[in-house]
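Sequential numbering from 1 along the given sequence is applied to the chain's residues. Just so it is clear, the structure is predicted and the values come from calculations on it, not from any experiment.
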Amino acid sequence: MKELTPREIMHELDRFIVGQQDAKRAVAIALRNRYRRSKVDEAMRSEISPKNILMIGPTGVGKTEIARRLAKLVKAPFVKVEATKFTEVGYVGRDVESIIRDLMENAIRMVRAERMEQVKTRAAVLAEDRLVNLLVNPPKKNNSNNPFEFLMGTKKEPEPTQAEQAQLAVRREDLLRQLRDGQLEEREIEVEVEDSMPELELGGNSIKLGDMMGGMMPKKTKIRRVKVKEARRILLEEESDKLIDEDEVREEAIRRAEQQGIVFIDEIDKVAGRSAGGHGPDVSREGVQRDILPIVEGSTVNTKYGAVRTDYMLFIAAGAFHVAKVSDLIPELQGRFPVHVNLKSLTKEDFKAILTQPENALTRQYEALLAVDKVFISFEDSAIDAIANAAYVLNETKEDIGARRLHAVFEKLLEDISFNAGGDEMPNVYLNINGDYVIDHLGPDEVTMDMKRYIL
C-alpha cells in the first residue's frame, strides 16, 4: 500500500473528480487509517476495524467514481455491486456471498498480473526459444491408432544425425535473427495449446471438470494456426504461468482482499424500508439488508481459493435516498456505516470544472476520438459555458442525472460531426466550437431556462 497522507489522497482524487470535498475527506481518512492500523502492534491491530462509509446524494455526482479511484490509487481489490441484485434467501436472486467471491477473483487477477510483469523478461526469452523451435519443427498430430503410446510415452522420434543437427543449428540462428528483426510477424504457424475444459457451477463456485479428476487425466490439447505475433503472445502467457507460484498468488490475493479490499454497495436506498404489517415488498427489502449484514459485520466466506474473512474490508454504501431515508435501514445495518457524507447536486460552475479540470475531461476525450478521423476540434470558453449551462438546465427541468447529462449533451452537439467524419480520403478538418455553435445545435430552449414555460 502506498503511504499517502490524507492530503495527498485528496490531491490525487481532485485530478479526476470535481468538488464533493466532504466525501473525499472521509475516504482519505479511512484509507490512511488502514495504513495506521498496519503499523500498530498485533494485539491492538486485531481490535481496530474500518469505519464504513455511507454516501448520500443524487446519481451522477461522483459516488462510484470516488470509490473506484480510491481503490486504483492504492492497488486494492475493488468490487461494485447493486443492492437490488440480491434478494432474501429463498427467493430468486444472487447469493450475497458472491460479492466476496467476485472480490477474490479481482484480487487473484491483480496479483497474477503483478507476478507476470515480474517474470515477463525471463518468460519472453523462453517463449522466443519455443517460437524458434516451432518454426524449425512444427508440431505433429498424433495419428497413431494406439492411444497408450501417448499416455505411456513409448512413441519416440528417431534421433537426428550430426549433419542434420548442424543444419538445424544454422537454420535456428537464421530464424532467430529474422524473428528479432520483425520479419516473420505475419507468417502463420501451428501452435499446440491447451483446450479449455467445461466448468460446473457448484455452490457459487466455478469448478473445472479436470480439477475434479485430481489431474489424473492428461490435459487435452488442440492445434491452432495463428500468426507469429499471436503465437508469441500465447507462448508468453504459457511460460509466465509456469514461472508463477500459484500457491503464493493465492495466499497474497487472500491477504490483500482481507486487509485492503474495498466493497462498494450501490443503490442501498432501494432496499431501505421496514414493513410494519409483516408483508408486502418491504419484507423482501428488509431480507436483503439482513443478508448483507453478516458480511459487513465480519464473517468468513468460502471461495474456491480458500476461506476469506470480511472483518477488515472497507465497505462503502451509496444511495440517492430521494424517497427512503437513512433511518429506514434496519438499525443493525445503520450501525455498521457510522460515517455519513452528503454529496451535493452539481451546479453550472461544477459542470464547467468537469469539462476543463480533470485529466480525462470529456472535451479531451472527444478531441482524441475525432482526431482518429482527421477531425481536429477545439472548444472556446463560450462553448464551455454554453455546454455547462445546458447540462445544468436539463438536470433542473428534467431528471437530475448529474455529470452523466454531459454525455447526452455532447452526443447531440457532435452528432453531425461524428456521423460525417471518417474515410481514408478525407482531408484534415479543423473546427473551432464556440457558444453560438452550441446554441445552434442544441437549441435555445436547452441552453437557457425559459421560465415562461413554467408559469400557468
Side-chain angles (χ1 to χ4, degrees), residues 10 13-28 30 52-71 78 80-86 262-273 281 285 288-289 292 315-329 333-334 337-358 360-362 384-385 387-412 442 446-449 451 454:
M10 282 273 289
L13 293 176
D14 285 339
R15 293 170 53 199
F16 304 99
I17 303 161
V18 171
Q20 314 302 356
Q21 300 304 311
D22 291 344
K24 291 179 188 174
R25 285 172 64 93
V27 297
N52 298 323
I53 300 169
L54 177 62
M55 295 184 181
I56 305 164
T59 183
V61 296
K63 300 188 294 294
T64 306
E65 190 66 12
I66 288 173
R68 183 181 288 116
R69 291 290 177 183
L70 189 72
F78 173 79
K80 174 184 179 292
V81 295
E82 311 288 336
T84 50
K85 283 185 179 179
F86 306 100
I262 298 176
V263 178
F264 184 82
I265 304 175
D266 203 4
E267 296 187 350
I268 194 72
D269 58 315
K270 301 298 189 301
V271 297
R285 292 176 188 150
V288 176
Q289 296 179 59
I292 294 174
F315 289 86
I316 302 175
F321 288 98
H322 287 315
V323 179
K325 301 185 293 293
V326 176
S327 57
D328 290 331
L329 295 170
L333 194 60
Q334 291 182 49
F337 291 91
V339 181
H340 294 186
V341 290
N342 289 284
L343 288 85
K344 304 177 180 65
S345 295
L346 300 175
T347 65
K348 178 184 173 181
E349 295 303 316
D350 290 331
F351 281 118
K352 288 174 62 176
I354 291 171
L355 291 171
T356 55
Q357 294 180 10
N360 60 339
L362 276 180
I384 299 294
D385 285 340
I387 294 170
N389 197 62
Y392 175 72
V393 169
L394 288 168
N395 275 353
E396 287 291 311
T397 57
K398 299 180 180 180
E399 189 70 22
D400 187 356
I401 58 174
R404 296 186 180 95
R405 181 66 69 182
L406 288 172
H407 293 275
V409 171
F410 268 92
E411 286 300 317
K412 184 175 181 181
L442 294 183
E446 305 290 340
V447 180
T448 58
M449 187 182 298
M451 294 307 295
Y454 304 98

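- The pair Lys398-Glu396 does not meet the salt-bridge criterion, since no charged nitrogen lies less than 4.0 angstrom from a carboxylate oxygen.
- With contacts defined as side-chain heavy-atom distances shorter than 4.5 Å, the pair Thr64/Phe264 qualifies.
- Separating the OG1 atom in Thr356 from the CG atom in Leu362 is a distance of 11.5 Å, to the nearest 0.5 Å.
- Side chain of Lys63 to backbone of Ala320: no donor-acceptor contact under 3.5 angstrom is found.
- In this structure, Arg405 CZ and Ile354 CD1 are separated by 13.5 Å, a value rounded to the nearest 0.5 Å.
- Side-chain contact between Ile316 and Asn52 is absent, with no heavy-atom pair separated by less than 4.5 Å.
- Residues Asn395 and Phe351 meet the side-chain proximity criterion, which asks for heavy atoms closer than 4.5 Å.
- Looking at heavy atoms from C-beta onward, Asp14 lies in side-chain contact with Gln21 at the 4.5 angstrom threshold.
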Next item on the list: Take Asn342 and Phe321, measure what side-chain contact (heavy atoms from CB on, under 4.5 Å) needs, and give me the verdict at the end.
Entry: CA-CA 11 Å; Asn342 289 284; Phe321 288 98; over 6 Å; no
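- Looking at Ile66 and Leu343, their side chains come closer than 4.5 Å, going by heavy atoms from C-beta outward.
- Side-chain contact check for Leu346 versus Gln20: some heavy-atom pair is nearer than 4.5 Å.
- The shortest distance between side-chain heavy atoms of Thr59 and Asp400 does not fall below 4.5 Å.
- The structure places NE2 of His340 at 12.0 Å from CE of Met55, a figure rounded to the nearest 0.5 Å.
- The 12-atom threshold is not exceeded at NZ of Lys344, counting heavy atoms of other residues, nucleotides or ligands nearer than 6.0 Å.
- Of all heavy-atom pairs spanning Ser345 and Val61, the tightest one is CA-CG1, 4.3 Å.
- The CZ atom of Arg69 lies 11.0 Å from the CZ atom of Phe78; values are rounded to the nearest 0.5 Å.
- Taking every heavy atom of both residues into account, Gln289 and Leu329 meet most closely at OE1-CA, 3.3 Å.
- Nearest heavy atom pair, residue Gly319 against residue Asp269, reads CA-OD1, 3.3 Å.
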Next item on the list: Test Leu394 against Val409 for side-chain contact (heavy atoms from CB on, under 4.5 Å), laying out the working first.
Entry: CA-CA 9 Å; Leu394 288 168; Val409 171; 3.9 Å; yes
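- When all heavy atoms of Lys24 and Ile17 are compared, the pair lying nearest together is NZ-O, 2.6 Å.
- The shortest distance between side-chain heavy atoms of Asp266 and Ile268 does not fall below 4.5 Å.
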Note to self: side-chain contact (heavy atoms from CB on, under 4.5 Å), that's the test. Do Val263 and Ile265 meet it? Break it down for me.
What the structure shows: CA-CA 6 Å; Val263 178; Ile265 304 175; 4.1 Å; yes
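- Ion pairing of Glu65 with Arg68 is present here, as a side-chain N (NZ or NE/NH1/NH2) and a carboxylate O approach within less than 4.0 Å.
- The structure places CG of Asp350 at 11.0 Å from CG of Leu355, a figure rounded to the nearest 0.5 Å.
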Item checked: Chi angles and distances behind the side-chain contact (heavy atoms from CB on, under 4.5 Å) call for Val341, Ile53 -> CA-CA 8 Å; Val341 290; Ile53 300 169; 4.1 Å; yes
